Amino acid sequence: MQIYQEENRIIIAEGKTQVWVEPWGKNSVRVRMTGTPQMDPNDWALTEVPEKVTPQITFETKDVTDPWYKGEEWAKYHMQGTDVTMVNGKITVKITYEGWISFYNQKGELLTAEYWRNRNRLNRYCVPLRVDARELKPVQGGTDFELTARFEAFDDEMIFGMGQYQEKHMNKKGATLELAHRNSQASVPFYVSSRGYGFFWNNPAIGTATFGTNKTEWYAKRTKKLDYFITAGDTPAEIEAQYSLATGRTPMMPEYGMGYWQCKLRYRNQEELLAVAREHKRRGLPMDAIVIDFFHWTRQGDFKFEPLDWPDPEAMVKELKELGIETVVSVWPTIDERSENFGAMADKGYLVNADRGNQNHMTWMGNTVFYDATHPGAQKFVWERCKENYYKYGIRCFWLDEAEPEYGPYDFDNYRYYAGPALQCTNTYPVGYAKGFYDGLKAAGETDILSLVRCAWAGSQKYGVLTWSGDIYSSFRSMQEQLQAGLSMSMAGIPWWTSDIGGFLGGDIKDKDFQELLVRWFAWGAFCPVFRMHGERSPWYEREQEFRNGVRQLTSGQDNEVWSFGEDNYKILSKYLFIREKLRPYIRECMKAASECGAPVMRPLFYDFSEDKAAWAVEDSYMFGPDLLVSPVMEAGATERKIYLPAGSTWTDAYTKKTYEGGQWVTVPAPIDIIPVMIRDGKEIEIY
């Protein structure tokens with residue numbers, strides 16, 4: 001083994017294997033490993049040029065001996081070894097003479113270390129476990145590797161982030177997470193540790209992450225290299241800022257994104273959509289965006305309006321703009337085999353390929369294939385179709401659905417992209433999907449760019465991505481899981497997030513229990529980064545199946561406007577529409593902070609109160625920006641709410657106006673029309 005320095009990079013070389021350790025911006029380090037003579041050039045999400053820094057690198061040569069030998073034989077095993085230390089601001093990397101790596105903060109405290117249970121290279125007679133920290137196992141007959149990376153586990157460590165998973169715990173310690181996208185699951189493999197560091201697994205391969213009590217283990221089924229980024233900071237805010245510099249920061253949220261979005265499954269035609277918008281404005285209610293959902297098109301993959309239902313899109317968009325409403329149009333990446341674009345896209349290699357079986361990836365409402373969002377040519381082709389059929393009518397915001405993509409089934413070993421086999425790179429699909437529209441809109445001269453997307457990976461945020469949590473069920477349990485999903489997504493570096501208010505599946509608008517859920521969720525939605533109503537609203541209308549030119553037409557769910565759930569509920573829902581409007585200046589400042597320094601808009605209590613140990617354990621309340629502590633009511637029949645108030649601040653109940661000292665639990669009233677909100681340190685923010 002050789003350990004040597006090339007400029008700012010430390011290289012650990014043994015045979016064809018190389019490990020690169022180098023500074024990657026302020027207080028941060030990137031580690032890569034290859035099992036071939038050349039390092040794979042893909043930077044994946046680490047595409048931002050890092051700030052130039054000059055680390056302090058020292059080599060220390062010392063005597064190392066085999067402790068099992070004594071007496072005359074000892075001299076035979078007397079050798080010299082070289083340890084290496086790299087100091088880059090608040091992070092220090094130590095590499096032993098055997099090539100194992102550990103990370104420390106500026107105080108000399110251990111952050112994390114590689115886990116290895118292998119023999120000492122000088123110890124010839126011990127019984128080794130032969131467990132290495134880094135394993136790149138070649139796949140026989142190919143150029144790929146199976147990768148495992150192991151790190152030590154710490155009993156006191158708490159782990160936050162990793163993207164969106166449908167589960168109840170925000171702290172991922174003890175969890176095994178699938179590194180794969182599914183409908184309502186978005187794998188974004190960055191976490192913030194309570195030990196004072198952030199860790200990013202820069203690998204879009206299918207795999208798992210296990211945060212066990214015995215070790216932390218990352219696994220990729222197929223890849224070319226090991227690649228991760230680690231950054232140290234005194235606070236979670238500093239860590240998030242450094243990570244967002246490495247992967248890119250979100251642009252400034254367009255003004256319409258900060259208001260209320262109206263959506264349902266689905267407005268079937270132009271007149272139905274306009275009637276809702278007109279009625280909303282007639283009632284004097286705020287609305288900033290309205291969504292034309294899926295199957296408004298001729299065929300999947302045509303990327304254009306069905307003219308029988310949408311006869312004059314230009315006039316429709318013009319009227320909506322005059323009402324102060326942005327038009328949002330759904331786009332799917334599915335290309336029907338009968339689509340006018342299918343042949344051209346297939347000929348140009350713009351479709352995802354299957355290694356075996358037929359080429360159909362999804363059969364819902366037609367035999368379809370996903371377009372290859374990792375292919376620059378395919379990105380441009382799809383944007384050009386949307387530019388011709390939507391953008392020219394004044395549509396500037398797109399709902400990029402099915403962004404995982406939602407394979408049926410999720411047999412990742414069967415699919416192949418321009419960027420490589422799906423097992424290697426499928427998690428980067430939503431990044432390419434959003435990038436195609438971002439680049440197209442930017443080239444067309446747009447500056448306020450936002451796309452509503454059902455999935456994201458690291459780096460998606462810099463393409464103006466608003467992620468929502470997918471097709472979730474209508475229940476209080478689901479609502480609780482969405483709070484964890486939103487906070488975890490935010491800590492993973494995706495600051496624009498929303499959910500379907502009331503849940504997507506199973507909500508009957510005439511059911512009193514569902515109405516209670518909807519009211520509670522709607523109030524919470526007013527304190528989310530984006531405030532958006534949506535849902536299929538069962539049961540679907542009874543009507544005969546309709547076909548046009550051999551294409552089945554999709555029916556629609558029940559009404560989903562604020563006046564659709566009874567007069568008493570309407571009064572509550574409309575109240576929160578105006579609360580959101582009062583919050584707009586505050587939300588604008590939060591969005592500015594997200595764009596300028598990577599600060600999540602919604603975040604766990606410990607983000608702002610990292611010195612308060614109790615704040616790290618709170619999972620049912622969160623900070624909405626720096627000054628509002630929000631505690632959604634997520635249980636049926638509740639009339640009060642127990643809340644932890646972080647130490648170091650005073651807190652005023654926005655409803656009762658009572659002020660409390662921090663560092664304690666309090667119980668506050670929470671009638672059906674109130675979501676408990678605490679205002680920090682007497683800030684003048686009017687809510688109720």
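Model, not experiment: these values are computed from the prediction.
With a 6.0 Å cutoff to the six-membered ring centre and a 45° limit on the axis angle, R532 does not count as a cation-pi contact of Y260. Cation-pi contact between R182 and Y410: present, with separation from the ring centre below 6.0 Å and deviation from the ring axis of at most 45°. A cation-pi arrangement is present between R385 and F381, with the terminal nitrogen or guanidinium carbon under 6.0 Å from the aromatic centre and inside a 45° cone about the axis.
Between E326 and K321 there is a salt bridge, since a side-chain N of the basic residue sits under 4.0 Å from a carboxylate O of the acidic one. In this structure, E404 pairs ionically with R454, as a charged nitrogen and a carboxylate oxygen lie closer than 4.0 Å. Salt bridge absent: D302 and K304 never bring a charged side-chain N and a carboxylate O closer than 4.0 Å. A salt bridge links R30 with D227: at least one charged nitrogen is closer than 4.0 Å to a carboxylate oxygen. Salt-bridge check for R580 with D288: failed, with every basic side-chain N at 4.0 Å or more from each acidic carboxylate O. Salt bridge annotation for K318-E314: absent, with no cationic side-chain nitrogen under 4.0 angstrom from a carboxylate oxygen. A salt bridge between E271 and R278 is present, with a side-chain N of the basic residue lying under 4.0 Å from a carboxylate O of the acidic one. Salt bridge annotation for E255-R588: present, with a cationic side-chain nitrogen under 4.0 angstrom from a carboxylate oxygen. Between E384 and K380, no side-chain nitrogen of the basic residue sits less than 4.0 Å from a carboxylate oxygen of the acidic one, so the salt-bridge criterion is not met. The residues E240 and R603 are annotated as not salt-bridged, no charged nitrogen and carboxylate oxygen being separated by less than 4.0 angstrom.
Of the candidates Y371, W332, Y407, H361 forms a ring-ring contact (aromatic ring centres under 6.0 Å, His included) with just one, namely Y407. Here the options are W399, W261, F504, the test is ring-ring contact (aromatic ring centres under 6.0 Å, His included), and the partner is W468; only W399 passes. Of the candidates F200, W201, F199, F199 is the only one forming a ring-ring contact (aromatic ring centres under 6.0 Å, His included) with Y228.
For the pair M602 and V630, the minimum side-chain heavy-atom distance is 4.5 Å or more. With contacts defined as side-chain heavy-atom distances shorter than 4.5 Å, the pair I685/L583 qualifies. Between R283 and V562 there is no side-chain heavy-atom pair separated by less than 4.5 Å. The closest side-chain heavy-atom distance from R299 to F342 is not below 4.5 Å. Side-chain contact between M162 and P189: present, with at least one pair of heavy atoms (C-beta onward) separated by less than 4.5 Å. Between I335 and T368, the closest side-chain pair of non-hydrogen atoms is not below 4.5 Å. Using a 4.5 Å cut-off on side-chain heavy atoms (C-beta onward), Q424 and Y417 make no contact.
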side-chain contact (heavy atoms from CB on, under 4.5 Å) between R537 and K264, worked out: CA-CA 8 Å; R537 305 302 178 243; K264 66 167 284 186; over 6 Å; no
side-chain contact (heavy atoms from CB on, under 4.5 Å) evaluation trace for M345 with V382: CA-CA 9 Å; M345 296 185 76; V382 170; 3.9 Å; yes
side-chain contact (heavy atoms from CB on, under 4.5 Å) evaluation trace for Y267 with I292: CA-CA 6 Å; Y267 295 117; I292 301 170; over 6 Å; no
Worked verdict on V530 versus L452 for side-chain contact (heavy atoms from CB on, under 4.5 Å): CA-CA 10 Å; V530 168; L452 178 61; over 6 Å; no
Derivation of the side-chain hydrogen bond (donor to acceptor under 3.5 Å, both in side chains) call for N203 and T223: CA-CA 8 Å; N203 193 323; T223 190; 3.0 Å; yes
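Here the closest non-hydrogen pair linking C263 and M533 is CB-O, 2.9 Å. Q461 and P495 get closest at one heavy-atom pair: CB-CD, 4.1 Å. Taking both residues in full, the closest heavy atoms of F624 and P529 are given as CE1-N, 3.9 Å, listed atom of the first, atom of the second, then distance. Of all non-hydrogen atoms in S184 and D471, the two that sit nearest each other are CB-N, 4.4 Å. The two residues A186 and M489 make their nearest non-hydrogen contact at CB-CE, 3.7 Å. H375 approaches K348 most closely through the heavy-atom pair NE2-O, 4.3 Å.
For W44 and F229, the gap between ring centers reaches or exceeds 6.0 Å.
Within the 3.5 Å criterion, the main-chain N or O of W457 finds a donor-acceptor partner in the side chain of S460. A donor-acceptor pair is defined here as one N or O able to donate and one able to accept, closer than 3.5 Å; no such pair exists between the side chain of Y622 and the backbone of Q484. Of the possible donor and acceptor atoms, one in the side chain of Y586 sits under 3.5 Å from a partner among the backbone N and O of D627. Without hydrogens or angle criteria, K281 side chain to L323 main chain gives a donor-acceptor distance under 3.5 Å.
From S451, atom OG reaches atom CG of L441 across 6.5 Å, with rounding to the nearest 0.5 Å. Atom CZ of residue F370 and atom CD of residue Q300 lie 9.0 Å apart, to the nearest 0.5 angstrom. For the atom pair OG (S28) and CD1 (I239), the distance works out to 9.5 Å, reported to the nearest 0.5 Å. One distance of note links CZ of R249 with CD of E596; it measures 9.0 Å at 0.5 Å rounding. Here the straight-line distance linking atom CD of Q270 with atom NE2 of H296 works out to 12.0 Å at 0.5 Å rounding. The line from CG of L577 to CG of L285 is 6.0 Å long, rounded to the nearest 0.5 Å.
Using the six-membered ring where Trp is involved, F522 and F531 have ring planes that are perpendicular, over 60° apart on the 30 and 60° scheme. Using cut-offs of 30° and 60° on the angle between ring planes, the pair F398 and W383 is perpendicular. Taking the six-membered ring for Trp and thresholds of 30 and 60 degrees, F305 and W310 have ring planes inclined between 30 and 60 degrees apart. Under the 30°/60° scheme for interplanar angles, the aromatic rings of Y243 and F190 are found to lie parallel. By the 30° and 60° cut-offs, the orientation of the rings of Y576 relative to F527 is perpendicular.
Heavy-atom neighbours of K26 NZ from other residues, nucleotides or ligands within 6.0 Å: at or below the threshold of 12.
Q164 and W497 form a side-chain donor-acceptor contact under 3.5 Å, judged by distance and modelled atom types alone. Side-chain contact annotation: Q482 with S499, donor-acceptor N/O pair under 3.5 Å absent.
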